[in-house]
Amino acid sequence: MTETTQRFNWRATAGRLILLTVGTLIGAAAVNLFFEPYSIAPSGVSGLAVILNYWIGTPIGLVILLGNIPIQLLALRTLGGWKVVARTVYVVALYALAIDLTAPLFPQQGITEDRLLAALFGGILGGIAGGLIYRAGGTFGGTSTLARILQKRLGTPLNNTYLYTDTAVVLLAGVIFGWEGALYAIVAIFVDGTLADYVLDGPSTIRTATVITDHPDTVAQAVIAQLGRGVTLWQGTGMYTGLPRAVLFVTVLRPQVGELRALVFAADPQAFIVIGQGHTAYGEGFSPPARGRV
C-alpha cells in the first residue's frame, strides 16, 4: 500500500468519524430539545426510551444503551463480526451518553408551546442526524440493526420490520401519552424518515425516461442534438402484438423533461414514454464519480 493510499484511508476514516459524531450529537439534541419535553416518541428503541422515561422515570440514554446490548451481541454473531457493527456501537454509546449528560443543558420545558412544531422540528433534526450517520455507514442501532438481522435470518424485508416496530411504538405512545400523542409520534417518524432519505441521497435532480418507439433513430438523434444527452437502445417485443419494438433509455435533468417530451412526440407521435424519478446521476454530463468521498 502506498503512502498516498494510506493518507487517503486515514482521511476517509476521519471523515466518517466526524459524520458519525456530528450526526449522533444532533440526534441527541433532537431527543432533549423536542421529543422528551413534549412527550413525543420517535421511532425504535429511542421511542421506547422516551415512553419509559415519562412512565417510570428511567434515564433515556441508559434505556437506549441497555436495549441495544442484546441486539448488537446478536448482530456480532449474525452479521459478520465487529467490522460490521463497530460504527453502530460507537453511535449507540455516544448517543446514550450525550442524551443523559447534556439533558441539563437544554430547557426542561422545551422552546415552544406548540407540540406540533416540536414533532416537526424533532423529526427534522432526527432525520438530518440519521442521514449523516447512514452516509458514514453507521446506524442508530436498535430496530435498524434488528431489521438487518431479520432480513438475513428470515428474509424479512427491511421496510416490513420498520413498519412493525414503528407501529408498536406509536400504539404504545397512544396508550401512555394519549392518542393525540400517537399522532404526534407519526408526524415525527414520517418527517424523520423523509429528511434522512434527503440527506442520504440528496435532492431529486434528474429524471429517467423509457421511450418505446417505432422510430428509434429519429427520436435518439433529436434527443442527442437538442438536449445533448446520451441515449441507450434496447430491442424489445410487444407482448400484445408480438412485434419487435425499440426501447430507448435516457437520463435528463428535471427541467428538461418538458423539452424531452416535446422532442419525442415531434419525432414519433405514437411513441410511449414513462418518466421516472432519480436522485442524481454520475458520469459524463452529470455529477463526476464520487472518488474519495466518505
Notebook entry, point to check: Should Q235 and R245 count as side-chain neighbours, where that means a heavy-atom distance under 4.5 Å?
Noted result: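 Answer no - side chains too far apart.
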Distance alone, cut at 3.5 Å: any donor-acceptor contact between the side chains of [X] and [Y]?
X	Y	answer
T58	N53	no
T24	Y90	no
T88	T139	yes

Starting at [atom1] of [X], measure out to [atom2] of [Y] and round the result to the nearest 0.5 Å.
X	Y	atom1	atom2	value
T143	L48	OG1	CG	10.5 Å
D268	T213	CG	OG1	3.5 Å
R207	L253	CZ	CG	10.0 Å
L25	L132	CG	CG	11.0 Å
E180	I40	CD	CD1	10.0 Å
F121	D114	CZ	CG	10.0 Å

Under a 4.5 Å side-chain heavy-atom rule over Ile, Leu, Val, Met, Phe, Trp and Tyr, are [X] and [Y] clustered together?
X	Y	answer
V191	V199	yes
L20	I18	yes
L62	L73	yes
F249	I206	no
L248	V274	no

Quick check: does any side chain N or O of [X] sit under 3.5 Å from a backbone N or O of [Y], one acting as donor and the other as acceptor?
X	Y	value
T21	L17	yes
Q72	T145	no
T241	L243	yes
R87	A136	yes
R115	Y38	yes

Item checked: Set of residues satisfying ring pair (Phe, Tyr, Trp, His ring centres under 6.0 Å) with respect to F35, sequence neighbours excluded -> none
Mind listing the closest non-hydrogen atom pair of [X] and [Y] along with its distance?
X	Y	value
A209	L260	CB-CD2, 3.5 Å
G141	V92	CA-CG2, 4.0 Å
A93	L65	CA-CD1, 4.3 Å
V264	A271	CG1-CB, 3.7 Å
I111	P107	CG2-CG, 3.8 Å
Y184	A119	O-CB, 3.7 Å

For [X], look at atom [atom1] and say whether over 12 heavy atoms of other residues, nucleotides or ligands are found less than 6.0 Å away.
X	atom1	value
F265	CZ	yes
F106	CZ	yes
W55	CH2	no

Next item on the list: Please report the C-alpha distance between S43 and D192 in whole Å, then the side-chain angles of each, then the deciding distance to 0.1 Å, and finally whether the side chain to side chain donor-acceptor pair (under 3.5 Å) criterion is met.
Entry: CA-CA 9 Å; S43 61; D192 185 311; 5.2 Å; no
Check: Is the F177 ring parallel, tilted or perpendicular to the Y54 ring (thresholds 30°, 60°)?
Finding: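 Geometry flag for Y54 against F177: perpendicular rings.
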